[in-house]
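For reference, the structure is listed below as structure tokens.
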Amino acid sequence: MAELQSVERALAALLDGVAALPAEPLCVERAAGRVLAEPVVARLDVPPADNSAMDGYALRATDAGRTLPISQRIVAGRATEPLAPGTCARIFTGGEIPDGADCVVMQEVVNVAGDSAMLPADIPAGDNVRRRGRDVSVGQPLLAAGTRLEAAALGLLAGQGITRVAVRRRPRVALLSTGDELIEPGEPLAPGQIYNSNRPMLVRLLERFGAEVVMAVHVADDPATTREQLQAAAERADVVVSTGGVSVGEEDHVKQALEALGRLDLWRLAMRPGKPLALGRLAGKDTQMVRFVGLPGNPVSSFVGAWLYLRPLIGALLGCPRLNELPRLVARAAFSTRTQARRHYMRVSLEFTTHGIVARAFADQNSAVLTSCAAADALAVIPAHSVVNEGDAIECRWLVDD
Ligand code: AMP
Ligand code: MG
């Protein structure tokens, strides 16, 4: 039987030669969550002109300490007149600083009588002025290629008046749920059957990672059907994911089908859960090779496998480096455990305290217990052949919502 492969080796084999998908133009209004295919360079200064950071009075700093006539009223959104010498202007936050003025005094420290304002002394030039280009200046790199367009990035694009961007096409994923025992929610449960938990779980994870699930089918435990469905999936998708049927039982047909249609790169990993995970390639449309990830059927193995392998794979297809690796953090174990030949990815919840982070392990870490994933914030990575005592520092991979 093949030797167990390390998680790192498996990941390297999976990502080897994966190139980012082509770019497509998209209007910014629909681009939330998408990944930029090209860098964006600023074409406008933000703010476009000096403006006031306060409600108050704009003046020349050299006129401070005097009573000045109020010669104009400046509200945000209007063009201004130059400031007449020896006067000040009533101004509101965001109003443009008129030519000739160089500072703003907040209204709380100004005494107003009729049309004149008594201004305090010693106001430095530039006080309460937001300079043109302080946030963004023309020509500045604004967003790098590979940036996921989240709230602040969308705000920056809008600030530039940009309405279209080039984003990566979303990776198309075909999802195959193997197992004669599986039925879908909504159907009555007959003896021997179970509901398909993996499908909605993986659809959600894949969409969160940035993929589009273009096909989700149920595959019977039969060699011919498995081959047919795998072939159909490879023709429609950039990535084919299956669950179940990759173990050593007689009803496990996925590996043989993969070997018949493409290539098995790696099988059996030194991790728990998820040992019988299989990685390979299938011939897709136009002879392009489609990545294949065969997750074990146990829902916990599928869940962990998706975070460890599908997330970086989708990230590579999107050209989005932040998806390459789950963020690492160090926590104190609120449990004790020991491992044997396989690295253990334990499902833990995290408590962020003023003394650091505490990781609590779900009591039952069996790979058939999906409840352990529902409350998990992170995977605690327990190396092979090691002992962890309560209070030990352990490395965790954060199941970050990105
Ligand atoms: P397999 O990898 O096909 O041997 O499946 C391992 C275990 O996971 C079996 O107990 C299956 O019934 C169960 N299983 C497989 N696929 C699913 C699924 N989609 N949802 C829930 N359980 C599953
Ligand atoms: Mg099965």
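Both ligands and their constituent atoms are indexed starting at 1 by order of listing.
Nearest non-hydrogen protein atom to atom 2 (O) of ligand 1 is Gly297 N, 3.0 Å. Of the protein's non-hydrogen atoms, the one nearest atom 20 (N) of ligand 1 is Ser197 N, 3.0 Å. The protein heavy-atom contact nearest to atom 18 (C) of ligand 1 is Asn198 ND2, 3.2 Å. Residue, atom and distance of the protein heavy atom nearest to atom 4 (O) of ligand 1 are Asp252 OD1, 4.0 Å. Looking at atom 1 (P) of ligand 1, its nearest protein heavy atom turns out to be Gly245 N, 3.7 Å. Protein heavy atom nearest atom 12 (O) of ligand 1, with residue, atom name and distance: Glu181 OE2, 2.5 Å.
Under a cut-off of 6.0 angstrom, the local environment of CG in Asp122 is sparse, with at most 12 non-hydrogen atoms contributed by other residues, nucleotides or ligands. Within a 6.0 Å radius of CD in Glu81, other residues, nucleotides and ligands contribute 12 heavy atoms or fewer. Heavy-atom contacts from other residues, nucleotides or ligands closer than 6.0 Å to CD of Glu29 number 12 or fewer.
Side chain of Trp267 to backbone of Gly280: no donor-acceptor contact under 3.5 angstrom is found. Using modelled atom types, one side-chain atom of Gln160 and one backbone atom of Leu44 make a donor-acceptor pair closer than 3.5 Å.
Listed by number with element, the atoms of ligand 1 under 4.0 Å from a non-hydrogen atom of Gly244 are 1 (P), 2 (O), 3 (O). Counting atoms of ligand 1 from 1 in the listed order, those under 4.0 Å from a heavy atom of Tyr195 are 20 (N), 21 (C). Near Pro299, with a cut-off below 4.0 Å to any heavy atom, the atoms of ligand 1 are 21 (C), 22 (N). Close contacts between ligand 1 and Asn196 involve ligand atoms 18 (C), 19 (N), 20 (N) [criterion: under 4.0 Å to a heavy atom]. The atoms of ligand 1 that sit less than 4.0 Å from any heavy atom of Ile194 are 12 (O), 21 (C), 22 (N), 23 (C).
Aromatic ring orientation, Phe209 versus Trp307: perpendicular (interplanar angle above 60°, classes split at 30° and 60°).
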*Given salt bridge (Lys or Arg N to Asp or Glu O under 4.0 Å), test Arg332 with Asp392 step by step and report yes or no.*
CA-CA 5 Å; Arg332 298 260 155 225; Asp392 285 354; over 6 Å; no
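With hydrogens and angles left out, the side-chain atoms of Asp222 and Thr225 include a donor and acceptor closer than 3.5 Å.
Between the choices Leu370, Val300, Asn298, Val248, the shortest heavy-atom distance to atom 10 (O) of ligand 1 belongs to Asn298.
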